[in-house]
Amino acid sequence: MKPKPEVVVLACTQAVPQPSALRQALQEVGLSGHIIQEPCSSKVEAFHLLRILAKGADLVWVVGCPEQYCQLAEGSTRMGFRVAHAQSYLAELGLETARLGFSRVAAGNPEGLAAVAAEIQQRRKDLPPNPARPRPAA
Amino acid sequence: MPKKYHIPVRQVPPRFKAVGKGTVLDWGEGCLRCTRCVKETCPYEAFRNRTFDDRSLTDTIDSLCKNCFRCVQGCPRELITKAMNPEYNLLGDSYWTKEIITTTWYQAETGRIPVSGAGYGGPFKGPGFDSIWTDMSEIVRPTRDGIHGREYISTTVDLGRKPLFLAFNAAGELTMPVFPLVEIPLPVLLTEPDIGVNKSKVRLIMAQAAQILETFAIIPREGLTSALLPLAQHLMPQYSPGSLNLDDPVLGSVRIIELWDHANITADIDRLKGRWPNLLVSIALPATGQATERCEALAGAGAEILHLKADNHAQGFAEARDKHLKDLIREVHLRLVKAVLRDAVTLVASGGIAMAEHVAKAILCGVDCVAVDLPILLALECRLCSHCQEGDDCPVDLGGIHERRGSQRLVNLMGAWNNQLLEVLGAMGLREVRRLRGEVGRAMFAEDLEREIFAPLFKAPPGSETLERDPN
């Protein structure tokens, strides 16, 4: 089996209709992230984010639409609130809040995806390994 | 009273959560804190039982939700919404649709006929098998009589060559050799799919399922390992051209073998029959433009079983690539009927047999039985993602399934298919599947109907070469 991905991206299908484009943008900055498509970024709840971190991912990123373009009107706004809410849990646990992040990008915008990938890569570089990651057997 | 054929189905839950059709968007912000929340009254307890799937890193509510929309309609602040699951939308392709994949998973899990319960909202007709409408005029008292009606419906078919006449001497003794013949109680053979990982495990599962179903699993000879030999009575080893060795010990323990068609195949079969006279031989041939002539020639030369293979989308190969399997079957069947050879030979078709109705429709077009391939993988939870073909990991760890579990899921699928076949036969008023072969009188073909109805409307009036538009 593959090693566990270090970066998990939860992408709104409206903002990223083709996950392969985001995968390619991530590969170009040297990351092999696991992309999970969501019908709306507001589908992502705090417990999803925390459970993915508990499985050992170093960084979890949510990609949603720009707020004014959200098809569910408030979905993207709620996503921002939820990531912030989950970050407050991380702060309470004494973990880096930077392990969670989000971006908003409009569909059909390769430069936007490249910028998202660069932002993810920069954030990943600054983070130490996730203490929850299972250590390889010696 | 003869023993009734019974397929022992048993619930086998999937190892991986099935991809749900819809997904719940739950906007917890703004909740009124009702004392009786719609999440508590979910009839399927989806909100109570939801967890987090560690392997797919997703919420399990998508698999638990049955899309009844009770929560969506009931929440006073309308905080719960349903949306299509993008992962579901990506399943399958134009032929192996997401509906086929998910209903196959359901049948493999439960062994039951998939019932949508909300009417049929699909198109009136479609391409391929969907252009055939079967006669359902004999449905009478289904609730009282059950699936078999008043009489037992037989799904048994024969594999092998049948004599067109018998010859006796003056003493009344048979003066001609008797051909070997094998009966299978289900008109379905299992054939190895051309994709998938850990083929040795898949072969073992196919062989075990074939034993339970009393049918045969077609497996390449090189894949027939010692672990499969105890099940040899239900195996059909397949030999590529030139690989047949008469000293092969496997030939002594199997009942049927399959040979790929080649120029000297009749000589090969004669040699084989000289050494193993009771061994049945099936000839596999691709459904190309020459398949019809080739089938007639082979049947005339004494072939016992002809196996016509189409591609995974039920299309022919080479010059016949635009032809659907149903048309290719009809061509071969009618050619054999014309040559007075149809009753002598067994005709099998495979490729693109995706649903239970395809079995009935393929038989209706003229085959004796079908061979299934990709549904075997679907029964083992395959998602047809084709990652294995790209050298990537299988997302459902196909090789990791326990063989007993896998074979039971395959048996469940065939149990559900068999029940659907019985339903169709009962509705047509047929008491055995052998009577369905080539019985196009009990079906309507959309192409034929359109031609009959619309062609006269657009026919040019007598005396004019073409239709002329009235300038006014």
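Lettering follows sequence order; numbering is per chain, from 1. If you're wondering where the values come from, they're calculated on a predicted model, not measured in any experiment.
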> Of all heavy-atom pairs between Ala83(B) and Pro39(A), which one has the smallest distance, and what is that distance?
Replying inline: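 Smallest interatomic distance, heavy atoms only, reads CB-CB, 3.8 Å.
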>> Could you report the tightest heavy-atom contact between Ser56(B) and Ile36(A), atom names first, then the distance?
In response: O-CD1, 3.7 Å
>> Test of understanding: with side chain to side chain donor-acceptor pair (under 3.5 Å), list the residues that count as partners of Asp130(B), not counting sequence neighbours.
In response: none
>> Using the side chain to side chain donor-acceptor pair (under 3.5 Å) criterion, which residues pair with His313(B)? Sequence neighbours excluded.
In response: Asp93(B)
>> I need the contact set between residues 27-39 of chain B and chain A: heavy-atom distance under 4.5 Å, sorted by residue number.
In response: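 Checking residues 27-39 of chain B against chain A gives Trp27(B), Gly28(B), Glu29(B).
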What do you reckon, is [atom1] of [X] surrounded by more than 12 foreign heavy atoms closer than 6.0 Å?
| X | atom1 | result |
| --- | --- | --- |
| Lys21(B) | NZ | no |
| Lys199(B) | NZ | yes |
| Phe47(A) | CZ | yes |

> Quick one: CG on Leu49(A) to CG on Leu57(B), what's the gap to the nearest 0.5 Å?
Replying inline: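 The CG atom of Leu57(B) is 11.5 Å from CG of Leu49(A), to the nearest 0.5 Å.
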> Sequence neighbours excluded, which residues qualify as salt bridge (charged side-chain N to carboxylate O under 4.0 Å, His left out) partners of Arg104(A)?
Replying inline: Glu67(A)
> Is chain A contacted by the side chain of Arg50(B), its backbone, both, or neither, given a heavy-atom distance below 4.5 Å?
Replying inline: side chain
> Top residue by heavy-atom pair count (under 4.5 Å) with chain A, among Thr23(B), Asp59(B), Asp26(B)?
Replying inline: Asp59(B)
>> Under a 4.5 Å cutoff for heavy-atom pairs, which residue among Glu45(A), Glu74(A), His48(A), Arg78(A) has the most contacts with chain B?
In response: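 The option with the most such pairs is Arg78(A).
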> So which of Glu38(A), Lys43(A), Gln37(A) has the largest heavy-atom pair count under 4.5 angstrom toward chain B?
Replying inline: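 Maximum pair count with chain B is reached by Lys43(A).
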>> Name the residue from Asp54(B), Asp53(B), Thr51(B) that meets the side-chain contact (heavy atoms from CB on, under 4.5 Å) definition with Arg51(A).
In response: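 In the set Asp54(B), Asp53(B), Thr51(B), the residue that makes a side-chain contact (heavy atoms from CB on, under 4.5 Å) with Arg51(A) is Asp54(B).
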